[in-house]
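Note on naming: letters A, B, ... go to the chains in the order of the sequence lines (proteins, then strands), and numbering restarts at 1 for each one.
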Protein chains: 2
Amino acid sequence: MDPCDSNPLSRKLGAFVVLSGDELSILAALHQRRRCFVAGRDLVRQGQSQHAAYILASGWVCSYKIQADGSRQIIDFQIPGDFLGLRSVLLRTSDHSFEPIVDCEAAEVSASDLIVAFEQAPRLAAAVLWAASRDEAMLVEHLVGVGRRAADARVAHFLLELCSRLALVGLGNREGFDCPLTQYHLADALGLSAVHVNRVLRSLRERKLATFRDNHVCFHDYDQLARMAGFDDTYLDQSLPLLRRP
Amino acid sequence: MDPCDSNPLSRKLGAFVVLSGDELSILAALHQRRRCFVAGRDLVRQGQSQHAAYILASGWVCSYKIQADGSRQIIDFQIPGDFLGLRSVLLRTSDHSFEPIVDCEAAEVSASDLIVAFEQAPRLAAAVLWAASRDEAMLVEHLVGVGRRAADARVAHFLLELCSRLALVGLGNREGFDCPLTQYHLADALGLSAVHVNRVLRSLRERKLATFRDNHVCFHDYDQLARMAGFDDTYLDQSLPLLRRP
DNA sequence: CGGCACGTTGAATGCCATCAAGTGGGGTGG
DNA sequence: CCACCCCACTTGATGGCATTCAACGTGCCG
């Protein structure tokens, strides 16, 4: 079996750096301590300290922050191949919570696991740093969306970005992708009400741009949707200048 | 002269790690290549590559992203002691722009400068990583504000966070602080219109909570303002568990 | 069968954007 | 020295987008 297929993280990093066999097996070794989590039960709670970091192997997770008045803002969704709580394991108690959206499987990694891996394969460190930098670029783009985009462009942009991320690990393409999120998840992520998300989705459907139904997103006119959303994916797929070639 | 006073970065990091004399002089050495920038002329333009990183020594800068329709979202403000473009110097072309809000002074640092400094004083690396992590926590909180807070709480929270940051480098306290921002800056940062920012500021003034006028923010009732804004500053001043003591 | 979660739709309210007009200070040039 | 302009701020009027409240439909599961 090709290790790329068994391991979404390798697939993601491999899209930007040509990974050697050694590097692939080091990545695979990081996946040893597997743990399972059930949908809906928080993996890490806001304010908790001393928790591990994870690499998500299968399933979807969201990171969010709850406010005093009960409203919730979803910061980001994690899909297979993504890190989870990477920063907080090194430095601080967690300032937000993680909730599995579906049952999922994740590999627990400690700070020392990572340090050992980086010593054995320094290019991995740069690749992981690249991934972290990409995550932050997505966070910035998320802020722009919530701050400055109209509701329909915001929803559209979100779906397109998600698609690009999923495509990188083989879980989607320009036709569409499977998506376990509810309209409530979209609302909490996009700073909208669930009712309004529903209306926006109906509008996208009626305009023959995209359909989100039965846990599946289907793009009917990808290019026009991207135009309407102002979607420019350069912030997602910059390659690593430092690591062009081994 | 106490090096802490001459150097806001030392002061900021020194609030969380006890820095030795050696570490202080290494930090001071990073400030060698000083450059000046005039207000309003972009320091780094969106899409530009191959630029340096900076440590801001005096003045204010904002990082922002412009959209196709001309609207602008300010990502963050940089105040003395903050890094500027740290991530992009290591990894990628810049995905956003930097604009000096007032004339300011910054020290240019290259990736290799940093690496050398970190080799000489490894605890500095951890401290800088801590600062970067704090920046990201602020970005998350910014997203929460734009996504989930009403306009008055959003403005109030922004002013309170800014105050905490400035206090760390000796530029503010619970009474208030000097602030060169215009209402347009607030609007672009908070996802509001400038007209509405003006109304919100008036309301805060009339409710005797805070006044922002003539480049100065004055808190009249800090505690009530913090309560109204839901401001909880734990995300700002977590100390570094790894570096409690040398 | 009832309960529950998610989705869907209608109606009314309201927050905030937009348009418009006007104030006042600071700088520039005649 | 004054006219002029520009920028930041201010305030009012209007309207729209999104929220809120409410009700109902549907599929799933105990």
| said: Filter on salt bridge (charged side-chain N to carboxylate O under 4.0 Å, His left out), then keep only pairs touching residues 169-183 of chain A, sequence neighbours left out; what's left? | reply: A:Arg174-A:Asp223

| Integer-rounded Å distance: C:dA5 P and A:Leu181 CG | 18 Å

| query | Can you list the residues that meet the ring pair (Phe, Tyr, Trp, His ring centres under 6.0 Å) rule with B:His96, with sequence neighbours excluded? | reply | B:Phe98

| field | Start and end of chain A contact along DNA chain D [non-hydrogen atoms, under 4.0 Å] | value | D:dA18 to D:dC21

| field | Interatomic spacing from SG in B:Cys179 to CZ in B:Arg213 - rounded to 0.5 Å | value | 14.5 Å

| task | Using whole Å, report how far CG of B:Leu186 lies from P of C:dC16. | result | 15 Å

| Strand contacts (DNA chain C) in residues 143-158 of chain A, 4.0 angstrom heavy-atom criterion | none

| Between residues 191-206 of chain B and DNA chain C, which residues have a heavy-atom gap below 4.0 Å? | B:Gly191, B:Leu192, B:Ser193, B:Val195, B:His196, B:Arg199

| task | Not counting sequence neighbours, which residues clear side-chain contact (heavy atoms from CB on, under 4.5 Å) with A:Gln67? List them please. | result | A:Asp69, A:Ser71, B:Val144, B:Arg148, B:Arg149

| Under the side chain to side chain donor-acceptor pair (under 3.5 Å) test, which residues partner B:His196, sequence neighbours left out? | none

| query | What residues form a side chain to side chain donor-acceptor pair (under 3.5 Å) with A:Asp103, not counting sequence neighbours? | reply | none

| task | Inspect the surroundings of CZ in B:Arg45 and state if more than 12 heavy atoms from other residues, nucleotides or ligands are less than 6.0 Å away. | result | no

| note | Taken in chain and number order and not counting sequence neighbours, the residues that satisfy ring pair (Phe, Tyr, Trp, His ring centres under 6.0 Å) with B:Phe212 are none

| Quick one: CE on A:Met138 to OG on A:Ser164, what's the gap to the nearest 0.5 Å? | 10.5 Å

| message | Can you tell me how far apart CG (B:Asp232) and CD (B:Glu141) are? Round to the nearest 0.5 Å. | response | 8.0 Å

| remark: CD1 (A:Ile55) and CZ (A:Arg33) are apart, to the nearest 0.5 Å, by 10.5 Å

| message | Determine whether a donor-acceptor pair (N or O, by modelled atom type, separation under 3.5 Å) exists between the side chain of B:His142 and the backbone of B:Ala189. | response | yes

| query | With a cut-off of 6.0 Å (strictly less than), are more than 12 heavy atoms of other residues, nucleotides or ligands near CD of A:Gln32? | reply | no

| note | Rounding to the nearest 10°, end axes of the helix from C:dC1-D:dG30 to C:dG30-D:dC1 built from five pairs each make an angle of 30°

| message | Parallel, tilted or perpendicular, judged at 30° and 60°: which one describes the rings of A:Phe231 and A:His157? | response | perpendicular

| said: Heavy atoms within less than 4.0 Å of DNA chain C: which residues of residues 207-221 of chain A have one? Give them sorted by number. | reply: A:Arg213

| field | Counterpart residues, ring pair (Phe, Tyr, Trp, His ring centres under 6.0 Å), relative to B:Tyr222 (two or more places apart) | value | B:Phe219

